[in-house]
Trainee: 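Right, I'll just put the structure down here and ask away after.
Here the structure is a predicted model, which means the values were calculated and not measured. Numbers here simply count residues along the sequence, with the first being 1.
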Amino acid sequence: MMYSGAVEVGGPADVHELADLMISKVAVGPMNNNAYLLRCRATDEQLLIDAAAEPHTLLTLIGDSGIASVVTTHQHGDHWSALREVVDATGARTYAGREDAEGIPVPTDVLVDDGDVIRVGRVELTARHLVGHTPGSIALVYDDPHGHAHVFTGDCLFPGGVGNTHDDPKAFASLIHDVETKIFGTLPDETWVYPGHGNDTTLGAERPHLAEWRERGW
């Protein structure tokens with residue numbers, strides 16, 4: 001089956017098979033959050049992006065081999081409500097953006113800044129600090145040496161726009177600037193986007209609408 005990125009709460013994971021990395025996407029919780037399990041195909045080391053909800057679902061997805069790390073994309077509670085249970089069960093290291101770590105009740109082992117590299121086995125993910133949805137939101141970019149880039153955007157970029165900035169013009173200006181310069185400005189149209197909720201998209205599908213987003217202010 002071809003990967004589509006369309007998942008439902010209570011349904012199976014969808015698996016994106018890349019040459020060096022396996023990406024399993026599952027939807028969990030009352031806010032239809034996406035969680036992503038990344039597995040290095042060379043070492044079998046695993047990393048989870050957003051232990052959002054339903055710890056049993058996430059631990060079943062992780063399986064007996066466990067995980068080395070959990071990255072929390074930002075401090076909003078729907079993205080870490082299963083973090084304590086997952087960390088207690090696996091002993092995983094925790095990562096979060098430096099400016100958001102205090103808002104996450106599970107201690108952060110590694111504070112992440114813009115440009116930091118997070119590894120899962122032999123695979124490298126580059127963190128991008130995107131300010132506006134929260135002060136310390138991070139996206140993770142995987143620049144696949146065998147194909148196009150992939151970016152896990154948390155709640156900073158979705159199909160149809162950037163994340164919620166709660167009608168704060170300064171927060172919106174900051175977020176749209178960071179998304180334009182650090183994501184659209186550095187990655188090609190083929191880049192696959194994995195958001196914190198809902199369906200996936202590509203930068204090419206969204207790029208023509210950047211001016212429209214700026215004009216409407218959200």
Trainee: Take atom CE of M31 as the centre, draw a 6.0 Å sphere, and report whether it contains more than 12 heavy atoms from other residues, nucleotides or ligands.
Mentor: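 12 or below, so no.
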Trainee: Could you tell me whether E212 atom CD has more than 12 heavy atoms of other residues or ligands within 6.0 Å of it?
Mentor: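 Yes.
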Trainee: Applying the side-chain contact (heavy atoms from CB on, under 4.5 Å) criterion to F152, which one of D50, I23, N34 satisfies it?
Mentor: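 Output: one option passes, namely I23.
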Trainee: Got D20 and R122 here, is their nearest side-chain heavy-atom distance under 4.5 Å?
Mentor: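 No; the side chains remain at least 4.5 Å from each other.
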Trainee: Check whether E45 reaches the backbone of G121 with its side chain - one donor and one acceptor, N or O, closer than 3.5 Å.
Mentor: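 Yes: the side chain of E45 pairs with the backbone of G121.
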Trainee: Is the closest side-chain heavy-atom distance between V86 and L48 below 4.5 Å?
Mentor: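 Side chain of V86 against side chain of L48, heavy atoms only: contact under 4.5 Å found.
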Trainee: Does K182 form a side-chain contact (heavy atoms from CB on, under 4.5 Å) with H129? I'd like the steps, not just the answer.
Mentor: CA-CA 8 Å; K182 297 181 181 180; H129 181 204; 4.2 Å; yes
Trainee: Hey, does the side chain of D14 reach the backbone of K25 with a donor-acceptor pair shorter than 3.5 angstrom?
Mentor: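 It does not hold such a pair.
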Trainee: Nearest 0.5 Å, please: how far is CG in L58 from CG in L37?
Mentor: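 Here the interatomic distance stands at 9.0 Å.
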Trainee: Taking Y36 for its side chain and L47 for its backbone only, find out whether a donor-acceptor pair lies under 3.5 Å.
Mentor: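 No: the side chain of Y36 does not pair with the backbone of L47.
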Trainee: Within the structure provided, determine whether Y142 and L140 are in side-chain contact (heavy-atom separation under 4.5 Å).
Mentor: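 The answer is no, as the side chains (C-beta and beyond) never meet within the 4.5 Å cut-off.
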Trainee: In the single-linkage hydrophobic clustering (I, L, V, M, F, W, Y; side-chain heavy atoms under 4.5 Å), do V26 and Y3 co-cluster?
Mentor: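 Per the 4.5 Å side-chain linkage, V26 and Y3 are not co-clustered.
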Trainee: Around D167, counting heavy atoms of other residues, nucleotides and ligands shown, do more than 12 lie under 6.0 Å from its CG?
Mentor: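 Counting neighbours around CG of D167, 12 or fewer heavy atoms of other residues, nucleotides or ligands fall under 6.0 Å, so no.
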Trainee: Would you please test Q75 and T134 for side-chain hydrogen bond (donor to acceptor under 3.5 Å, both in side chains) and show each step?
Mentor: CA-CA 7 Å; Q75 66 180 317; T134 66; 4.7 Å; no
Trainee: Which is it for D189 and T202 under the side-chain contact (heavy atoms from CB on, under 4.5 Å) test, yes or no, and what are the steps along the way?
Mentor: CA-CA 7 Å; D189 284 352; T202 65; over 6 Å; no
Trainee: Over all heavy atoms of both residues, which pair between A139 and V151 is shortest? Give the atoms and the distance, please.
Mentor: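 It is CB-CG2, 4.1 Å.
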Trainee: Does the side-chain contact (heavy atoms from CB on, under 4.5 Å) test come out yes or no for L157 and L203, once each step is laid out?
Mentor: CA-CA 10 Å; L157 177 63; L203 292 188; 3.9 Å; yes
Trainee: Under the side-chain contact (heavy atoms from CB on, under 4.5 Å) test against L175, which residue among D168, L130, D155 passes?
Mentor: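 Of the listed options, the one satisfying the test is L130.
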Trainee: I'd like to know if I176 and L187 are part of one continuous hydrophobic network [Ile/Leu/Val/Met/Phe/Trp/Tyr, side-chain heavy atoms within less than 4.5 Å].
Mentor: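 Result: yes, single cluster for both.
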Trainee: Does any non-hydrogen side-chain atom of T73 lie less than 4.5 Å from one of S137?
Mentor: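 Side-chain contact under 4.5 Å: no.
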Trainee: Output the distance between atom NE2 (H133) and atom OG1 (T153), rounded to the nearest 0.5 Å.
Mentor: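 Here the rounded value is 10.5 Å.
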Trainee: Check the hydrophobic clustering (I, L, V, M, F, W, Y; side-chain heavy atoms under 4.5 Å; chains of links allowed) and say if V120 and V87 are grouped together.
Mentor: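 Not linked; separate clusters.
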Trainee: A side-chain contact here means heavy atoms from C-beta on lying under 4.5 Å apart; do H150 and H148 qualify?
Mentor: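 The answer is yes, as the side chains (C-beta and beyond) meet within the 4.5 Å cut-off.
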Trainee: Say you draw a straight line from NE2 of H56 to OG1 of T60; how long is it, rounded to the nearest 0.5 Å?
Mentor: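 Answer for the NE2-OG1 pair, H56 versus T60, is 3.5 Å.
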Trainee: With side chains defined as the heavy atoms from C-beta onward, is the minimum distance between R41 and E17 less than 4.5 Å?
Mentor: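 In contact.
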Trainee: Find out if a path of hydrophobic residues (ILVMFWY) with successive side-chain heavy-atom gaps under 4.5 Å connects L21 to I118.
Mentor: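 Yes, L21 and I118 fall within the same hydrophobic cluster.
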Trainee: Roughly how far, to the nearest 0.5 Å, is the CD1 atom of I104 from the OH atom of Y95?
Mentor: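 The CD1 atom of I104 is 14.0 Å from OH of Y95, to the nearest 0.5 Å.
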Trainee: Between CZ of R128 and SG of C156, what distance do you get to the nearest 0.5 Å?
Mentor: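 R128 CZ to C156 SG: 13.5 Å, rounded to 0.5 Å.
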Trainee: Tell me whether T94 contacts the main-chain N or O of D109 through its side chain, where contact means a donor paired with an acceptor under 3.5 Å.
Mentor: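 Between the backbone of D109 and the side chain of T94 there is a qualifying donor-acceptor contact (under 3.5 Å).
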Trainee: How about H197 and H79: do any of their side-chain heavy atoms sit closer than 4.5 Å?
Mentor: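 Yes; the side chains approach each other to less than 4.5 Å.
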Trainee: Does any N or O in the side chain of R207 come within less than 3.5 Å of the main-chain N or O of F184, such that one atom is a donor and the other an acceptor?
Mentor: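 Present.
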Trainee: Can L83 be reached from I67 by stepping across I, L, V, M, F, W or Y side chains whose heavy atoms are under 4.5 Å apart?
Mentor: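 Shared cluster, yes.
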Trainee: Has W213 got more than 12 heavy atoms of other residues, nucleotides or ligands less than 6.0 Å from its CH2?
Mentor: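 Result for CH2/W213: enclosed.
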Trainee: Would you please classify the geometry between the W192 ring and the Y194 ring as parallel, tilted or perpendicular, with 30° and 60° separating the classes?
Mentor: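 Rings of Y194 and W192: tilted, 30 to 60°.
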Trainee: Are any of the side-chain heavy atoms of I138 and V71 separated by less than 4.5 Å?
Mentor: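 Answer yes - side chains close enough.
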Trainee: So, the side chain of T191 versus the backbone of P188: is there a donor-acceptor pair under 3.5 Å, distance only?
Mentor: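 Side chain of T191 to backbone of P188: a pair is present.
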Trainee: For the side chain of Q46 and the backbone of G66, is there at least one donor-acceptor N/O pair under 3.5 Å apart?
Mentor: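 Indeed, once roles are kept as given, a pair shorter than 3.5 Å links the two residues.
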Trainee: Salt bridge check: are D113 and R98 linked by an N-O gap of less than 4.0 Å?
Mentor: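 Here D113 pairs with R98 in a salt bridge, since their nearest N and O are under 4.0 Å apart.
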